[in-house]
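Everything on this sheet refers to the single structure shown next.
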Amino acid sequence: MYEYKKGHLVISMAGHDKGKFYIINNIQGEYAFLVDGKYKTLEKPKMKKLKHIQFVSDFCERLEEKPNNEMYKYILKQYMKELEIKEKSLS
């Protein structure tokens, strides 16, 4: 199994949130605590089993500073813009 770390960008692979992007805020045992900054905040992260998420990217090193919900929202928004640009260039 992949070794997940705090700050990794992941995608949900199971459940009602399948296909949604999150950033790992913490890991305890076989669970990851996921944040998107909007619906799943630092105060109430989503708890999901590691086997139900998939690694996407490791570009969130800035979260080692003092993270806040706005930072998580900004990072996910930037990643979604990158995805759109890549998809447009492939078309």
Side-chain angles (χ1 to χ4, degrees):
M1 184 192 300
Y2 184 81
E3 187 171 334
Y4 294 100
K5 296 179 183 171
K6 180 178 180 174
H8 282 181
L9 180 67
V10 296
I11 189 168
S12 173
M13 300 303 291
H16 71 278
D17 63 343
K18 183 177 181 178
K20 185 156 175 41
F21 291 95
Y22 294 102
I23 297 172
I24 296 176
N25 183 48
N26 195 7
I27 296 177
Q28 289 181 354
E30 63 180 36
Y31 290 94
F33 292 86
L34 309 173
V35 177
D36 67 3
K38 186 173 183 179
Y39 301 110
K40 296 299 175 183
T41 62
L42 287 168
E43 297 77 29
K44 293 194 93 172
K46 177 162 188 65
M47 188 170 83
K48 198 161 190 80
K49 284 191 173 185
L50 294 174
K51 67 181 183 179
H52 293 149
I53 59 176
Q54 183 177 7
F55 175 81
V56 175
S57 179
D58 186 18
F59 73 96
C60 302
E61 299 86 22
R62 296 186 309 213
L63 295 175
E64 295 302 321
E65 303 165 10
K66 288 190 172 189
N68 59 43
N69 291 318
E70 294 299 318
M71 188 181 293
Y72 283 99
K73 279 195 283 190
Y74 176 78
I75 290 169
L76 287 171
K77 190 175 183 179
Q78 290 301 111
Y79 184 75
M80 296 308 288
K81 283 183 183 178
E82 283 181 28
L83 273 182
E84 285 180 28
I85 292 170
K86 286 179 184 178
E87 287 176 2
K88 285 181 183 178
S89 67
L90 292 175
S91 308

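Below, all heavy atoms of this structure are taken into account, side chains as well, without hydrogens, waters or symmetry copies.
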Which atom pairs, one a donor and one an acceptor, fall under 3.5 Å between side chains of residues 11-21 and the rest of the protein, sequence neighbours left out?
residue : atom : partner : partner atom : Å
S12     : OG   : A14     : O            : 3.0
S12     : OG   : D17     : OD1          : 2.9
S12     : OG   : K48     : NZ           : 3.4
D17     : OD1  : K48     : NZ           : 3.0
D17     : OD2  : Y22     : OH           : 2.9
K20     : NZ   : D36     : OD2          : 3.0

Problem - Residues that E43 engages under side chain to side chain contact (heavy atoms under 4.5 Å, CB included), provided they are two or more places apart - result: T41, N69
Practice task
Find out whether P45 and V35 are in side-chain contact, i.e. whether some heavy atom of one side chain is under 4.5 Å from a heavy atom of the other.
Solution key: yes
Exercise for the section: Return the set of residues passing salt bridge (charged side-chain N to carboxylate O under 4.0 Å, His left out) with K5 (not counting sequence neighbours), or none when no residue passes. Expected result: none
Handout entry: Set of residues satisfying side chain to side chain contact (heavy atoms under 4.5 Å, CB included) with respect to F55, sequence neighbours excluded
Key = Y2, Y4, H8, D58
Problem - Residue pair I23 / L34, side-chain heavy-atom distance below 4.5 Å - result: no
Handout entry: Value rounded to 0.5 Å, distance of CG in N68 from CG in L42
Key = 7.5 Å
Handout entry: Contact check, side chains of Y79 and L83, non-hydrogen atoms, under 4.5 Å
Key = yes
Practice task
Report the residues that fulfil side chain to side chain contact (heavy atoms under 4.5 Å, CB included) with K73, sequence neighbours left out, ordered by chain and then residue number.
Solution key: K38, E70
Problem - Contact check, side chains of Y31 and K49, non-hydrogen atoms, under 4.5 Å - result: yes
Problem - Common cluster, L9/M71, ILVMFWY with side-chain heavy-atom separation under 4.5 Å - result: yes
Problem - Residue pair N25 / K6, side-chain heavy-atom distance below 4.5 Å - result: yes
Problem - Any residue meeting side chain to side chain donor-acceptor pair (under 3.5 Å) with N26, in chain and number order, not counting sequence neighbours - result: none
